[in-house]
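Nothing here was measured: the structure is a model prediction, and the numbers come from that model. Numbers restart at 1 for each chain; the letters A, B, ... are given by sequence-line order, proteins then strands.
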Number of protein chains: 2
Amino acid sequence: MQPSGRVPESTAARLPVYLRVLSDLAGVDSISSEELAAACGVSSAQLRKDLAVLGSHGTRGVGYDVPGLRDALAAELGLEQDWPVVIVGGGNLGMALANYAGFLSRGFRVVGIVDADQLRAGEAVVGGLVIQPMADLARIIRRTHAVIAVIATPAEGAQPVADELVAAGVTGILNFAPVVLSVPAGVAVRDVDLGVELQLLAFHEQQRSLGRDSRREGE
Amino acid sequence: MQPSGRVPESTAARLPVYLRVLSDLAGVDSISSEELAAACGVSSAQLRKDLAVLGSHGTRGVGYDVPGLRDALAAELGLEQDWPVVIVGGGNLGMALANYAGFLSRGFRVVGIVDADQLRAGEAVVGGLVIQPMADLARIIRRTHAVIAVIATPAEGAQPVADELVAAGVTGILNFAPVVLSVPAGVAVRDVDLGVELQLLAFHEQQRSLGRDSRREGE
DNA sequence: TAGATTGTTAATCGATTAACAATC
DNA sequence: TAGATTGTTAATCGATTAACAATC
(Lines give C-alpha, C1' and ligand atoms only; values in the text may rest on other atoms or scores of the structure.)
Protein backbone atom coordinates (compact mmCIF):
# COMPACT_ATOMS: atom_id res chain seq x y z
CA MET A 1 0.00 0.00 0.00
CA GLN A 2 2.93 2.32 0.58
CA PRO A 3 5.42 1.36 -2.12
CA SER A 4 7.95 4.23 -2.11
CA GLY A 5 10.85 1.96 -2.98
CA ARG A 6 13.69 3.62 -4.84
CA VAL A 7 12.23 5.68 -7.67
CA PRO A 8 14.62 6.24 -10.62
CA GLU A 9 15.55 9.91 -11.10
CA SER A 10 14.18 10.01 -14.62
CA THR A 11 10.86 8.62 -13.47
CA ALA A 12 10.62 11.01 -10.53
CA ALA A 13 11.10 13.95 -12.88
CA ARG A 14 7.96 12.97 -14.77
CA LEU A 15 5.66 12.30 -11.82
CA PRO A 16 4.72 15.98 -11.30
CA VAL A 17 3.64 16.20 -14.94
CA TYR A 18 1.44 13.15 -14.57
CA LEU A 19 -0.07 14.66 -11.45
CA ARG A 20 -0.74 17.94 -13.19
CA VAL A 21 -2.44 16.29 -16.15
CA LEU A 22 -4.54 14.06 -13.90
CA SER A 23 -5.56 17.08 -11.84
CA ASP A 24 -6.79 18.78 -14.99
CA LEU A 25 -8.90 15.70 -15.76
CA ALA A 26 -11.92 16.70 -13.71
CA GLY A 27 -14.87 14.37 -14.06
CA VAL A 28 -12.98 11.58 -15.83
CA ASP A 29 -12.73 8.56 -13.58
CA SER A 30 -10.87 6.09 -15.75
CA ILE A 31 -8.25 6.49 -18.47
CA SER A 32 -6.01 4.15 -20.47
CA SER A 33 -2.24 4.42 -20.49
CA GLU A 34 -2.47 5.25 -24.18
CA GLU A 35 -4.69 8.29 -23.64
CA LEU A 36 -2.96 9.51 -20.52
CA ALA A 37 0.45 9.14 -22.13
CA ALA A 38 -0.68 11.23 -25.10
CA ALA A 39 -1.89 13.96 -22.76
CA CYS A 40 1.43 13.91 -20.92
CA GLY A 41 3.60 13.82 -24.01
CA VAL A 42 5.27 10.48 -23.29
CA SER A 43 4.96 6.94 -24.67
CA SER A 44 2.43 4.58 -23.13
CA ALA A 45 5.17 2.08 -22.34
CA GLN A 46 7.06 4.68 -20.40
CA LEU A 47 3.95 5.82 -18.58
CA ARG A 48 3.06 2.30 -17.48
CA LYS A 49 6.58 1.64 -16.33
CA ASP A 50 6.70 4.92 -14.40
CA LEU A 51 3.33 4.36 -12.75
CA ALA A 52 4.33 0.88 -11.68
CA VAL A 53 6.58 2.42 -9.02
CA LEU A 54 3.44 3.66 -7.25
CA GLY A 55 2.03 0.18 -6.97
CA SER A 56 -0.97 -0.95 -8.91
CA HIS A 57 -3.60 1.68 -9.68
CA GLY A 58 -4.75 0.28 -12.98
CA THR A 59 -7.11 -2.51 -13.97
CA ARG A 60 -6.16 -4.69 -16.92
CA GLY A 61 -8.61 -4.38 -19.73
CA VAL A 62 -9.97 -1.14 -18.26
CA GLY A 63 -7.37 1.49 -17.47
CA TYR A 64 -6.27 3.60 -14.53
CA ASP A 65 -8.46 4.92 -11.75
CA VAL A 66 -8.00 8.68 -12.15
CA PRO A 67 -8.73 9.87 -8.59
CA GLY A 68 -6.86 6.94 -7.08
CA LEU A 69 -3.83 7.54 -9.26
CA ARG A 70 -3.92 11.25 -8.51
CA ASP A 71 -3.93 10.63 -4.79
CA ALA A 72 -1.15 8.06 -5.07
CA LEU A 73 0.99 10.52 -7.03
CA ALA A 74 0.37 13.31 -4.52
CA ALA A 75 1.30 10.94 -1.71
CA GLU A 76 4.44 9.75 -3.47
CA LEU A 77 5.53 13.35 -4.04
CA GLY A 78 4.85 14.27 -0.42
CA LEU A 79 2.05 16.69 -1.24
CA GLU A 80 -0.47 15.55 1.29
CA GLN A 81 0.08 18.77 3.15
CA ASP A 82 1.35 22.16 2.01
CA TRP A 83 5.05 22.95 2.18
CA PRO A 84 6.03 26.37 3.49
CA VAL A 85 8.36 28.16 1.07
CA VAL A 86 10.57 31.19 1.58
CA ILE A 87 11.52 33.43 -1.34
CA VAL A 88 14.79 35.31 -1.34
CA GLY A 89 14.86 38.30 -3.68
CA GLY A 90 12.09 40.83 -4.10
CA GLY A 91 12.95 42.05 -7.58
CA ASN A 92 10.81 41.55 -10.67
CA LEU A 93 11.18 37.78 -10.63
CA GLY A 94 10.86 37.25 -6.88
CA MET A 95 7.68 39.32 -6.83
CA ALA A 96 6.26 37.50 -9.83
CA LEU A 97 6.91 34.18 -8.09
CA ALA A 98 5.46 35.39 -4.79
CA ASN A 99 2.31 36.52 -6.54
CA TYR A 100 1.98 33.29 -8.52
CA ALA A 101 -1.49 32.02 -7.71
CA GLY A 102 -0.81 28.43 -8.77
CA PHE A 103 1.47 27.99 -5.78
CA LEU A 104 -1.18 26.96 -3.30
CA SER A 105 -3.03 24.55 -5.55
CA ARG A 106 0.22 22.72 -6.24
CA GLY A 107 1.09 22.12 -2.60
CA PHE A 108 3.07 25.18 -1.52
CA ARG A 109 2.53 28.24 0.60
CA VAL A 110 4.77 31.30 0.50
CA VAL A 111 5.47 32.13 4.12
CA GLY A 112 8.10 34.81 3.66
CA ILE A 113 9.92 36.96 1.15
CA VAL A 114 13.09 38.90 1.88
CA ASP A 115 15.30 41.32 -0.02
CA ALA A 116 18.76 42.76 0.61
CA ASP A 117 17.62 46.19 -0.56
CA GLN A 118 16.34 48.30 2.34
CA LEU A 119 14.19 50.28 -0.06
CA ARG A 120 12.19 47.20 -0.96
CA ALA A 121 11.52 46.06 2.59
CA GLY A 122 7.97 46.85 3.62
CA GLU A 123 6.54 46.52 0.14
CA ALA A 124 3.39 44.40 0.13
CA VAL A 125 2.96 41.09 -1.66
CA VAL A 126 -0.07 38.79 -1.90
CA GLY A 127 -1.59 37.05 1.07
CA GLY A 128 -0.82 39.77 3.55
CA LEU A 129 2.92 39.23 3.18
CA VAL A 130 5.40 42.06 3.21
CA ILE A 131 9.00 42.06 1.98
CA GLN A 132 11.29 41.73 4.96
CA PRO A 133 14.95 42.65 5.37
CA MET A 134 17.53 39.99 4.56
CA ALA A 135 18.67 40.06 8.18
CA ASP A 136 15.42 38.35 9.15
CA LEU A 137 15.94 35.39 6.83
CA ALA A 138 17.17 32.85 9.39
CA ARG A 139 14.52 33.89 11.87
CA ILE A 140 11.74 33.46 9.30
CA ILE A 141 12.98 30.02 8.34
CA ARG A 142 13.13 28.87 11.92
CA ARG A 143 9.73 30.28 12.76
CA THR A 144 7.97 28.78 9.72
CA HIS A 145 9.97 25.53 9.63
CA ALA A 146 10.47 26.05 5.90
CA VAL A 147 12.85 23.51 4.37
CA ILE A 148 12.31 24.67 0.79
CA ALA A 149 13.45 28.06 -0.49
CA VAL A 150 13.62 29.94 -3.77
CA ILE A 151 16.63 32.05 -4.71
CA ALA A 152 15.68 34.90 -7.03
CA THR A 153 18.61 37.23 -6.41
CA PRO A 154 21.26 38.53 -8.81
CA ALA A 155 24.12 36.09 -9.48
CA GLU A 156 26.51 37.69 -6.98
CA GLY A 157 24.20 37.29 -4.03
CA ALA A 158 23.18 33.70 -4.63
CA GLN A 159 26.00 31.72 -3.01
CA PRO A 160 26.00 33.63 0.31
CA VAL A 161 22.22 33.32 0.38
CA ALA A 162 22.46 29.58 -0.23
CA ASP A 163 24.96 29.26 2.60
CA GLU A 164 22.65 31.08 4.95
CA LEU A 165 19.64 29.02 3.88
CA VAL A 166 21.49 25.78 4.46
CA ALA A 167 22.76 26.97 7.84
CA ALA A 168 19.17 27.74 8.82
CA GLY A 169 17.99 24.25 7.90
CA VAL A 170 16.83 24.51 4.28
CA THR A 171 17.47 21.32 2.32
CA GLY A 172 15.76 22.07 -0.99
CA ILE A 173 16.61 25.11 -3.13
CA LEU A 174 15.04 26.30 -6.35
CA ASN A 175 17.71 28.52 -7.86
CA PHE A 176 16.95 31.14 -10.49
CA ALA A 177 20.34 32.83 -10.24
CA PRO A 178 22.75 32.01 -13.08
CA VAL A 179 25.44 30.42 -10.95
CA VAL A 180 26.43 26.92 -9.91
CA LEU A 181 25.68 26.78 -6.20
CA SER A 182 27.84 24.72 -3.95
CA VAL A 183 25.92 23.07 -1.14
CA PRO A 184 26.56 20.15 1.23
CA ALA A 185 25.57 16.64 0.14
CA GLY A 186 21.94 15.98 0.95
CA VAL A 187 20.77 19.45 -0.06
CA ALA A 188 18.84 19.37 -3.34
CA VAL A 189 19.25 22.21 -5.79
CA ARG A 190 17.20 22.68 -8.93
CA ASP A 191 18.43 25.30 -11.34
CA VAL A 192 16.21 27.31 -13.61
CA ASP A 193 18.17 29.60 -15.88
CA LEU A 194 16.25 31.54 -18.48
CA GLY A 195 19.42 32.17 -20.45
CA VAL A 196 20.32 28.50 -20.54
CA GLU A 197 16.84 27.58 -21.76
CA LEU A 198 16.92 30.15 -24.52
CA GLN A 199 20.41 29.12 -25.56
CA LEU A 200 19.21 25.55 -25.95
CA LEU A 201 16.47 26.80 -28.22
CA ALA A 202 19.04 28.79 -30.18
CA PHE A 203 21.11 25.63 -30.52
CA HIS A 204 18.08 23.86 -31.89
CA GLU A 205 17.54 26.65 -34.44
CA GLN A 206 21.16 26.46 -35.40
CA GLN A 207 21.01 22.69 -35.93
CA ARG A 208 17.88 23.21 -37.94
CA SER A 209 19.53 25.61 -40.33
CA LEU A 210 22.67 23.48 -40.62
CA GLY A 211 20.48 20.50 -41.41
CA ARG A 212 18.71 22.51 -44.09
CA ASP A 213 22.03 23.58 -45.59
CA SER A 214 23.47 20.11 -45.82
CA ARG A 215 20.22 18.88 -47.30
CA ARG A 216 20.52 21.63 -49.90
CA GLU A 217 24.06 20.52 -50.58
CA GLY A 218 22.40 17.18 -51.16
CA GLU A 219 24.02 14.50 -49.05
CA MET B 1 37.43 23.84 -37.69
CA GLN B 2 33.66 23.65 -37.74
CA PRO B 3 32.84 20.30 -36.16
CA SER B 4 29.09 20.51 -35.41
CA GLY B 5 28.55 16.81 -35.97
CA ARG B 6 25.63 15.29 -34.09
CA VAL B 7 25.80 16.46 -30.48
CA PRO B 8 24.11 14.12 -27.95
CA GLU B 9 21.11 15.70 -26.23
CA SER B 10 22.60 15.29 -22.78
CA THR B 11 25.79 17.01 -23.86
CA ALA B 12 23.94 19.86 -25.57
CA ALA B 13 22.02 20.53 -22.36
CA ARG B 14 25.29 21.22 -20.54
CA LEU B 15 26.96 23.44 -23.12
CA PRO B 16 25.16 26.64 -22.01
CA VAL B 17 26.38 26.08 -18.45
CA TYR B 18 29.95 25.69 -19.63
CA LEU B 19 29.59 28.87 -21.65
CA ARG B 20 28.22 30.76 -18.68
CA VAL B 21 31.00 29.65 -16.37
CA LEU B 22 33.67 30.45 -18.96
CA SER B 23 32.14 33.88 -19.50
CA ASP B 24 32.42 34.55 -15.78
CA LEU B 25 36.12 33.65 -15.94
CA ALA B 26 37.38 37.08 -16.96
CA GLY B 27 41.15 37.36 -17.07
CA VAL B 28 41.85 33.63 -16.86
CA ASP B 29 43.28 32.37 -20.11
CA SER B 30 43.86 28.72 -19.41
CA ILE B 31 42.09 26.19 -17.20
CA SER B 32 42.28 22.44 -16.62
CA SER B 33 39.32 20.13 -17.10
CA GLU B 34 39.51 19.38 -13.39
CA GLU B 35 39.09 23.02 -12.34
CA LEU B 36 36.52 23.90 -14.97
CA ALA B 37 34.49 20.80 -14.17
CA ALA B 38 34.41 21.73 -10.50
CA ALA B 39 33.16 25.21 -11.37
CA CYS B 40 30.45 23.70 -13.56
CA GLY B 41 29.38 21.03 -11.14
CA VAL B 42 30.22 18.06 -13.36
CA SER B 43 32.98 15.44 -13.44
CA SER B 44 36.17 16.15 -15.36
CA ALA B 45 35.66 13.04 -17.48
CA GLN B 46 32.25 14.26 -18.51
CA LEU B 47 33.51 17.75 -19.25
CA ARG B 48 36.31 16.46 -21.47
CA LYS B 49 33.97 14.18 -23.33
CA ASP B 50 31.44 16.98 -23.81
CA LEU B 51 34.02 19.47 -25.01
CA ALA B 52 35.40 16.98 -27.49
CA VAL B 53 32.33 17.52 -29.66
CA LEU B 54 33.55 21.07 -30.30
CA GLY B 55 36.83 19.85 -31.69
CA SER B 56 40.10 20.34 -29.90
CA HIS B 57 40.45 23.46 -27.78
CA GLY B 58 42.72 22.03 -25.14
CA THR B 59 46.44 21.37 -24.96
CA ARG B 60 47.62 18.20 -23.28
CA GLY B 61 49.67 18.90 -20.22
CA VAL B 62 48.34 22.46 -20.09
CA GLY B 63 44.56 22.79 -20.18
CA TYR B 64 41.91 24.56 -22.20
CA ASP B 65 42.23 27.93 -23.86
CA VAL B 66 39.50 29.91 -22.12
CA PRO B 67 38.70 32.55 -24.76
CA GLY B 68 39.00 30.00 -27.57
CA LEU B 69 36.71 27.57 -25.83
CA ARG B 70 34.23 30.31 -25.03
CA ASP B 71 34.06 31.37 -28.66
CA ALA B 72 33.73 27.78 -29.84
CA LEU B 73 30.84 27.21 -27.43
CA ALA B 74 29.09 30.39 -28.53
CA ALA B 75 29.51 29.35 -32.16
CA GLU B 76 28.24 25.84 -31.50
CA LEU B 77 25.16 27.23 -29.77
CA GLY B 78 24.51 29.68 -32.58
CA LEU B 79 25.13 32.74 -30.46
CA GLU B 80 27.35 34.64 -32.82
CA GLN B 81 24.56 37.11 -33.32
CA ASP B 82 21.57 38.02 -31.17
CA TRP B 83 18.29 36.19 -31.59
CA PRO B 84 15.11 38.26 -31.60
CA VAL B 85 12.60 36.96 -29.07
CA VAL B 86 8.90 37.67 -28.68
CA ILE B 87 7.19 37.37 -25.31
CA VAL B 88 3.52 36.45 -25.10
CA GLY B 89 1.91 37.43 -21.82
CA GLY B 90 2.37 40.72 -20.00
CA GLY B 91 1.47 39.60 -16.50
CA ASN B 92 3.86 39.45 -13.57
CA LEU B 93 6.02 36.81 -15.13
CA GLY B 94 6.02 38.14 -18.70
CA MET B 95 7.03 41.56 -17.45
CA ALA B 96 9.72 40.14 -15.21
CA LEU B 97 11.15 38.24 -18.18
CA ALA B 98 10.93 41.25 -20.49
CA ASN B 99 12.78 43.36 -17.97
CA TYR B 100 15.45 40.74 -17.36
CA ALA B 101 18.73 42.49 -18.04
CA GLY B 102 20.73 39.31 -18.59
CA PHE B 103 18.87 38.71 -21.83
CA LEU B 104 21.12 40.74 -24.09
CA SER B 105 24.41 39.51 -22.69
CA ARG B 106 23.30 35.92 -23.28
CA GLY B 107 22.50 36.38 -26.95
CA PHE B 108 18.87 37.49 -27.05
CA ARG B 109 16.94 40.66 -27.70
CA VAL B 110 13.29 41.12 -26.76
CA VAL B 111 11.67 42.61 -29.85
CA GLY B 112 8.05 42.44 -28.79
CA ILE B 113 5.67 41.67 -25.96
CA VAL B 114 1.96 41.14 -26.36
CA ASP B 115 -0.98 40.51 -24.03
CA ALA B 116 -4.56 39.45 -24.56
CA ASP B 117 -5.80 41.93 -21.99
CA GLN B 118 -6.69 45.28 -23.59
CA LEU B 119 -6.00 47.03 -20.30
CA ARG B 120 -2.38 45.99 -20.38
CA ALA B 121 -1.68 47.08 -23.96
CA GLY B 122 0.26 50.31 -24.04
CA GLU B 123 2.10 49.67 -20.77
CA ALA B 124 5.80 50.35 -21.10
CA VAL B 125 8.56 47.80 -20.70
CA VAL B 126 12.35 48.19 -20.93
CA GLY B 127 14.17 49.21 -24.07
CA GLY B 128 11.44 51.44 -25.36
CA LEU B 129 9.07 48.50 -25.82
CA VAL B 130 5.38 48.73 -25.13
CA ILE B 131 2.91 45.90 -24.57
CA GLN B 132 0.95 45.35 -27.76
CA PRO B 133 -2.41 43.70 -28.34
CA MET B 134 -2.47 39.98 -29.03
CA ALA B 135 -3.91 40.68 -32.46
CA ASP B 136 -0.54 42.08 -33.52
CA LEU B 137 1.37 38.91 -32.65
CA ALA B 138 1.72 37.46 -36.15
CA ARG B 139 2.62 40.84 -37.60
CA ILE B 140 5.35 41.38 -34.99
CA ILE B 141 6.84 37.96 -35.65
CA ARG B 142 6.92 38.51 -39.38
CA ARG B 143 8.40 41.99 -39.06
CA THR B 144 11.14 40.97 -36.62
CA HIS B 145 11.81 37.52 -38.10
CA ALA B 146 11.67 36.09 -34.60
CA VAL B 147 11.80 32.29 -34.56
CA ILE B 148 12.00 31.99 -30.77
CA ALA B 149 9.13 32.96 -28.47
CA VAL B 150 8.29 32.79 -24.78
CA ILE B 151 4.83 31.83 -23.57
CA ALA B 152 4.03 33.39 -20.20
CA THR B 153 0.24 33.22 -20.31
CA PRO B 154 -2.20 31.39 -18.04
CA ALA B 155 -2.61 27.68 -18.82
CA GLU B 156 -5.83 28.12 -20.84
CA GLY B 157 -4.31 30.51 -23.33
CA ALA B 158 -1.13 28.63 -24.01
CA GLN B 159 -2.16 26.13 -26.70
CA PRO B 160 -3.92 28.66 -28.96
CA VAL B 161 -0.93 30.96 -28.59
CA ALA B 162 1.43 28.13 -29.51
CA ASP B 163 -0.65 27.39 -32.59
CA GLU B 164 -0.48 31.00 -33.65
CA LEU B 165 3.25 31.22 -33.02
CA VAL B 166 3.91 28.13 -35.10
CA ALA B 167 1.67 29.39 -37.89
CA ALA B 168 3.66 32.62 -37.94
CA GLY B 169 6.96 30.78 -38.27
CA VAL B 170 8.22 30.29 -34.71
CA THR B 171 10.14 27.04 -34.27
CA GLY B 172 11.41 27.36 -30.71
CA ILE B 173 9.15 27.95 -27.71
CA LEU B 174 10.02 28.49 -24.08
CA ASN B 175 6.82 27.59 -22.26
CA PHE B 176 6.09 28.76 -18.73
CA ALA B 177 2.43 27.73 -18.82
CA PRO B 178 1.62 24.52 -16.92
CA VAL B 179 0.32 22.55 -19.90
CA VAL B 180 1.73 20.04 -22.37
CA LEU B 181 1.81 21.89 -25.68
CA SER B 182 1.21 20.02 -28.86
CA VAL B 183 3.27 21.30 -31.76
CA PRO B 184 4.35 19.90 -35.12
CA ALA B 185 7.53 17.85 -35.35
CA GLY B 186 10.52 20.11 -35.79
CA VAL B 187 9.28 22.74 -33.34
CA ALA B 188 11.27 22.68 -30.11
CA VAL B 189 9.48 23.30 -26.83
CA ARG B 190 11.18 23.72 -23.48
CA ASP B 191 8.93 23.69 -20.47
CA VAL B 192 9.60 25.55 -17.28
CA ASP B 193 7.00 24.87 -14.63
CA LEU B 194 7.56 26.37 -11.23
CA GLY B 195 5.10 23.93 -9.69
CA VAL B 196 6.87 20.92 -11.17
CA GLU B 197 10.22 22.14 -9.88
CA LEU B 198 8.92 22.68 -6.38
CA GLN B 199 7.17 19.32 -6.38
CA LEU B 200 10.45 17.65 -7.23
CA LEU B 201 12.01 19.37 -4.25
CA ALA B 202 9.10 18.21 -2.09
CA PHE B 203 9.68 14.67 -3.35
CA HIS B 204 13.29 14.97 -2.32
CA GLU B 205 12.27 16.14 1.17
CA GLN B 206 9.85 13.27 1.41
CA GLN B 207 12.51 10.72 0.45
CA ARG B 208 14.79 12.33 2.97
CA SER B 209 12.37 11.86 5.82
CA LEU B 210 11.46 8.32 4.76
CA GLY B 211 15.17 7.52 4.68
CA ARG B 212 15.55 8.93 8.17
CA ASP B 213 12.62 6.89 9.44
CA SER B 214 13.87 3.59 8.11
CA ARG B 215 17.29 4.34 9.51
CA ARG B 216 15.69 4.97 12.89
CA GLU B 217 13.93 1.65 12.65
CA GLY B 218 17.46 0.36 12.21
CA GLU B 219 17.72 -1.61 9.01
C1' DT C 1 -16.04 -15.89 -23.66
C1' DA C 2 -13.61 -12.26 -26.52
C1' DG C 3 -11.48 -7.96 -26.48
C1' DA C 4 -8.83 -4.69 -24.14
C1' DT C 5 -5.24 -3.12 -21.47
C1' DT C 6 -2.12 -3.47 -17.59
C1' DG C 7 2.26 -4.95 -15.39
C1' DT C 8 6.58 -6.89 -16.34
C1' DT C 9 10.36 -8.95 -18.70
C1' DA C 10 13.98 -8.88 -22.10
C1' DA C 11 16.32 -6.26 -25.71
C1' DT C 12 18.01 -2.02 -27.15
C1' DC C 13 19.81 2.17 -26.77
C1' DG C 14 22.33 6.02 -24.90
C1' DA C 15 24.90 8.23 -21.22
C1' DT C 16 28.40 8.12 -17.64
C1' DT C 17 32.59 6.61 -15.65
C1' DA C 18 37.18 4.84 -15.48
C1' DA C 19 41.41 4.31 -17.35
C1' DC C 20 45.19 5.29 -20.08
C1' DA C 21 47.82 6.18 -24.33
C1' DA C 22 48.98 10.31 -26.74
C1' DT C 23 51.34 14.44 -26.33
C1' DC C 24 52.31 19.07 -24.74
C1' DT D 1 63.30 14.91 -20.02
C1' DA D 2 59.58 14.49 -16.39
C1' DG D 3 55.19 15.86 -15.06
C1' DA D 4 50.72 17.13 -16.31
C1' DT D 5 46.62 16.84 -18.67
C1' DT D 6 43.93 16.06 -22.81
C1' DG D 7 41.33 13.12 -26.08
C1' DT D 8 39.55 8.66 -26.64
C1' DT D 9 38.47 3.92 -25.88
C1' DA D 10 36.27 0.29 -23.33
C1' DA D 11 33.38 -0.97 -19.40
C1' DT D 12 29.57 0.10 -16.68
C1' DC D 13 25.45 1.78 -15.68
C1' DG D 14 20.76 3.36 -16.28
C1' DA D 15 16.85 4.54 -19.16
C1' DT D 16 13.77 3.57 -22.98
C1' DT D 17 11.37 0.62 -26.03
C1' DA D 18 9.12 -3.46 -27.59
C1' DA D 19 6.63 -7.30 -26.76
C1' DC D 20 3.59 -10.21 -24.49
C1' DA D 21 1.71 -13.01 -20.69
C1' DA D 22 -1.49 -12.05 -17.09
C1' DT D 23 -5.97 -10.74 -16.22
C1' DC D 24 -9.97 -7.77 -16.00
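- Not one side-chain nitrogen or oxygen of A/Arg48 sits closer than 4.0 Å to the OP1 or OP2 atom of D/dA19.
- Counting to the nearest Å, the C1' atom of C/dA15 and the CG atom of B/Leu15 are 15 Å from each other.
- Residue B/Lys49 has its side chain nearest to C/dT16 when only C/dT16, D/dA15, D/dA18 are considered.
- Residues B/Asp193 and A/Arg106 are paired through a salt bridge, judged by an N-O separation under 4.0 Å between the basic side chain and the carboxylate.
- If you take CZ of A/Arg6 and C1' of D/dC13, they are 18 Å apart, rounded to a whole angstrom.
- The 5' end of DNA chain D is approached more closely, in terms of each residue's nearest nucleotide, by A/Glu9 than by the other of A/Ala45 and A/Glu9.
- Looking at every heavy atom in both residues, A/His57 comes nearest to A/Ala72 through NE2-CB, 3.3 Å.
- The side chain of B/Arg60 has D/dT5 as its nearest neighbour among D/dT5, D/dT16, C/dT16.
- Between A/Val85 and A/Val111 there is no side-chain heavy-atom pair separated by less than 4.5 Å.
- In the set C/dC24, C/dT16, D/dA15, C/dC24 carries the atom at the smallest distance from any side-chain atom of B/Thr59.
- Residues B/Met95 and B/Ile113 come closest through the heavy atom pair SD-CD1, 4.3 Å.
- Whole-Å rounding puts the B/Asp50 CG to C/dT17 C1' distance at 12 Å.
- Side-chain contact between A/Leu97 and A/Val150 is present, with heavy atoms from C-beta onward closer than 4.5 Å.
- An OP1 or OP2 oxygen of D/dT5 is reached within less than 4.0 angstrom by no side-chain nitrogen or oxygen of B/Ser32.
- Candidate nucleotides C/dT8, D/dT16, C/dT17 were compared by shortest atom distance to the side chain of A/Ala52, and C/dT8 ranks first.
- Rounded to a whole Å, the CG atom of A/Leu47 is 15 Å from the C1' atom of C/dT8.
- Phosphate proximity of C/dT16 to B/Ser10: present, with a side-chain N or O under 4.0 Å from OP1 or OP2.
- Among the heavy atoms of the strands, none lies under 4.0 Å from B/Ser44.
- Put simply, CG on B/Leu51 is 10 Å from P on D/dT6, counting in whole angstrom units.
- Counting any heavy atom pair closer than 4.0 Å across all strands shown, B/Ser56 reaches sugar-phosphate atoms only and no base atom.
- One atom, CD of A/Gln46, and another, C1' of C/dT6, lie 16 Å apart when rounded to the nearest Å.
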Secondary structure string for DNA chain D (Watson-Crick or G-U under 3.5 angstrom, | for other-strand pairs): ..||||||||||||||||||||||
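- Contact check, B/Tyr64 against D/dG7: a side-chain N or O comes under 4.0 Å of OP1 or OP2.
- Separation of atoms CD (B/Glu197) and CG (B/Leu194) is listed at 8.0 Å; rounding is to 0.5 Å.
- Side-chain atoms of B/Arg14 lie closest to C/dT16 of the nucleotides C/dT17, D/dT16, C/dT16.
- A donor and an acceptor atom, one from each side chain of A/Asn92 and B/Tyr100, are nowhere located under 3.5 Å apart.
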Stepwise side chain to side chain donor-acceptor pair (under 3.5 Å) test for A/Gln159 and A/Asp163: CA-CA 6 Å; A/Gln159 182 62 56; A/Asp163 295 341; 2.8 Å; yes
